[in-house]
Amino acid sequence: MENQKNRIEFYRRRTFSEKLNATFDFIRENWRPLLKYTFYLIMPVCLVQTFAMNAFIGGYLDLVMSLGGGSYFGNSVYSFMTNYGILLFCALIGSAILSGLVYAMMQTYATRENRLQNITLDDFKERLVKNTWKCLIISLFLIFIYIIIAVFAGLLAILVSIYSLLITIPILLIFMLCLIPLMMLIPVYIFEHDISFFDAIKKSWKLGTSTLGGMIGLMIVLNIIASVIQTVTMLPWYITIVIGSMMTLTSESGISQSVIYKFAIYILGLLQSYGIYVSSIIGVIGLAFQYFHAREKVEGVTIESNISNFNQL
């Protein structure tokens with residue numbers, strides 16, 4: 001039955017509801033390959049991320065209970081920061097792989113005769129590697145910008161006056177607001193061939209500001225839907241952590257040291273980590289359709305293509 005459906009058109013002006021429909025139509029048509037390759041590529045990251053996350057939570061609880069505890073307190077801080085760093089690194093890598101994977105599959109969907117039916121990794125491996133690398137570049141660039149601004153604000157407060165924060169904090173907030181149109185940077189940098197990084201920044205600003213209201217509304221709705229999925233996958237892990245912590249504090253049973261408890265926490269943590277990535281697919285695809293809409297609205301991609309191919313009509 002899916003073979004009889006029309007291919008979803010990417011570059012097309014859409015209303016808010018049409019962008020939502022296109023997002024979920026794409027997911028509905030291709031949920032099997034999306035879940036299959038997300039599991040293959042993201043689960044290895046989740047294995048490490050879950051271990052770091054559970055160790056981070058355990059370190060946090062130890063840190064709270066060892067306040068004023070001398071050397072053990074120092075060891076808790078070191079373990080806490082190490083696990084937090086590993087957790088952030090896994091999130092960075094996992095997000096880049098997920099975005100690169102989804103957009104590689106969308107690119108393949110648009111050009112492959114059978115779309116994503118019976119697709120293999122070799123069909124989009126080159127695009128996956130290229131897209132993931134581009135996502136990493138964007139993430140590292142944004143992290144670098146954040147660090148520069150934070151260091152500048154901190155030095156200004158230390159060297160000049162604490163009251164300088166009255167100026168730097170509003171500037172920082174304005175900068176954060178200016179990053180909203182740059183949400184379009186990833187699809188611009190990936191879907192447009194032979195565009196340089198800084199040209200992609202300029203173009204994403206142009207497309208983002210031209211469709212700012214629709215983009216914010218779409219991302220809010222899709223993130224609400226994604227947060228519901230994340231909550232469902234997180235609750236078993238969270239409830240088990242809370243119950244285990246309460247039993248450890250109120251008794252001397254030491255349930256948190258039990259092998260069965262640790263195994264259960266790890267499995268539930270895997271479900272939680274994987275659920276975060278799977279739910280993020282909705283926003284990644286939605287942002288792509290927002291980009292397709294914005295580019296068609298600003299540049300008229302379909303019209304230009306029809307004019308260039310007029311002699312073939």
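Fair warning: this is a prediction, and the values are worked out from it, not measured in the lab.
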Pair up each side-chain donor or acceptor in residues 264-278 with any protein partner under 3.5 Å, not counting sequence neighbours, and list the distances.
from   : atom 1 : to     : atom 2 : distance (Å)
Tyr266 : OH     : Leu47  : O      : 2.9
Ser273 : OG     : Thr50  : OG1    : 3.2
Ser273 : OG     : Gly269 : O      : 3.0
Tyr274 : OH     : Leu35  : O      : 3.4
Tyr277 : OH     : Gln49  : OE1    : 2.6
Tyr277 : OH     : Cys90  : O      : 3.4

Quiz: residues 172-195 side-chain donor-acceptor pairs under 3.5 angstrom, not counting sequence neighbours:
from   : atom 1 : to     : atom 2 : distance (Å)
Glu192 : OE1    : Lys203 : NZ     : 2.8
Glu192 : OE2    : Lys203 : NZ     : 3.1
Glu192 : OE2    : Tyr291 : OH     : 2.9

Using atom types as modelled, flag every donor-acceptor pair under 3.5 Å from a side chain in residues 212-220 to any protein atom, sequence neighbours excluded.
none

Distance-only donor-acceptor hits, side chain of residues 230-239, under 3.5 Å, sequence neighbours excluded:
from   : atom 1 : to     : atom 2 : distance (Å)
Gln230 : NE2    : Ser279 : OG     : 3.0
Thr231 : OG1    : Ser227 : O      : 2.7
Thr233 : OG1    : Ile229 : O      : 3.3
Thr233 : OG1    : Gln230 : O      : 3.0
Trp237 : NE1    : Asn54  : OD1    : 3.0

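Applying the under-4.5 Å side-chain rule to Ile, Leu, Val, Met, Phe, Trp and Tyr, the cluster around Val48 extends to Ile86.
Residues satisfying the salt bridge (Lys or Arg N to Asp or Glu O under 4.0 Å) criterion with Arg13, sequence neighbours excluded, are absent altogether. Applying the side chain to side chain donor-acceptor pair (under 3.5 Å) test to Thr38 and every residue at least two apart in sequence or in another chain returns nothing. Among residues two or more places apart in sequence or in another chain, the salt bridge (Lys or Arg N to Asp or Glu O under 4.0 Å) test is passed with Lys206 by none. The salt bridge (Lys or Arg N to Asp or Glu O under 4.0 Å) check on Lys297 picks up nothing, with sequence neighbours excluded. Every residue two or more places apart in sequence or in another chain that forms a ring pair (Phe, Tyr, Trp, His ring centres under 6.0 Å) with Phe141 is listed here: Phe197. With sequence neighbours left out, Asp122 forms a side chain to side chain contact (heavy atoms under 4.5 Å, CB included) with Thr120, Lys125.
No side-chain donor-acceptor contact under 3.5 Å links Thr132 to the backbone of Val129. Side chain of Arg112 to main chain of Gln117: a donor-acceptor pair is present (N/O by atom type, distance under 3.5 Å, no hydrogens or angles). At least one donor-acceptor pair closer than 3.5 Å links the side chain of Tyr103 to the backbone N or O of Val284. Of the possible polar contacts, one joining the Arg7 side chain to the Tyr109 backbone as a donor-acceptor pair under 3.5 Å is found.
Expressed to the nearest 0.5 Å, how far CG of Asn131 lies from CG of Leu98 amounts to 12.0 Å. In this structure, Leu34 CG and Leu101 CG are separated by 7.0 Å, a value rounded to the nearest 0.5 Å. To the nearest 0.5 angstrom, Glu296 atom CD is 11.5 Å from Leu207 atom CG. If you take CG on Asp123 and CG on Asn118, they are separated by 9.5 Å, rounding to the nearest 0.5 Å. Annotation: the span from Leu41 atom CG to Cys46 atom SG amounts to 11.0 Å, rounded to 0.5 Å. Rounded to the nearest 0.5 Å, atoms CD1 (Ile137) and CG (Leu142) are 12.0 Å apart.
Side chains of Met105 and Phe26 form no contact here, defined as non-hydrogen atoms less than 4.5 Å apart. Contact of the Glu9 side chain with the Phe292 side chain is not registered, since no non-hydrogen atoms from C-beta on lie closer than 4.5 Å. The shortest distance between side-chain heavy atoms of Asn114 and Ile119 does not fall below 4.5 Å. Lys262 has its side chain out of reach of Val259: every pair of non-hydrogen atoms, C-beta onward, lies at least 4.5 Å apart. With contacts defined as side-chain heavy-atom distances shorter than 4.5 Å, the pair Leu92/Leu136 qualifies. Side-chain contact between Thr111 and Arg127 is present, with at least one heavy-atom pair separated by less than 4.5 Å.
Across all their heavy atoms, Arg14 and His293 have their closest contact at N-ND1, 3.0 Å. Between Arg28 and Asp25 the shortest heavy-atom distance is NH1-OD1, 2.6 Å. The minimum heavy-atom distance linking Leu87 with Met53 is given by the pair CD1-CB, 3.8 Å.
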For a side chain to side chain contact (heavy atoms under 4.5 Å, CB included) check, start with the C-alpha distance between Phe89 and Val45, then their side-chain angles and the critical distance, and finish with the verdict.
CA-CA 10 Å; Phe89 179 76; Val45 178; over 6 Å; no
Using the rule given for side chain to side chain contact (heavy atoms under 4.5 Å, CB included), can you reason through Tyr11 versus Arg295, listing the C-alpha separation, both sets of side-chain angles and the distance that settles it, and then say yes or no?
CA-CA 7 Å; Tyr11 292 96; Arg295 194 172 177 203; 3.7 Å; yes
The test is side chain to side chain contact (heavy atoms under 4.5 Å, CB included); show your working for Ile225 and Phe24 and say whether it passes.
CA-CA 11 Å; Ile225 297 172; Phe24 288 104; 3.7 Å; yes
Checking side chain to side chain contact (heavy atoms under 4.5 Å, CB included) for the pair Ile8/Glu29: CA distance, chi angles, key distance, verdict?
CA-CA 10 Å; Ile8 298 174; Glu29 180 181 343; 3.8 Å; yes
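Put simply, Phe198 and Phe144 are part of the same group of oily side chains (I, L, V, M, F, W, Y) that touch within less than 4.5 Å, one to the next. Criterion: ILVMFWY side-chain heavy atoms under 4.5 Å apart, direct or through other members. Under it, Val228 and Val221 are not part of a common hydrophobic cluster. A continuous path of Ile, Leu, Val, Met, Phe, Trp and Tyr side chains, each step under 4.5 Å between heavy atoms, connects Ile148 with Ile138, placing both in one hydrophobic cluster.
Dense packing is recorded around CZ of Phe16, with more than 12 heavy atoms of other residues, nucleotides or ligands lying under 6.0 Å away.
Among residues at least two apart or in separate chains, side-chain hydrogen bond (donor to acceptor under 3.5 Å, both in side chains) pairs with a member in residues 83-96 are Ser79-Asn83.
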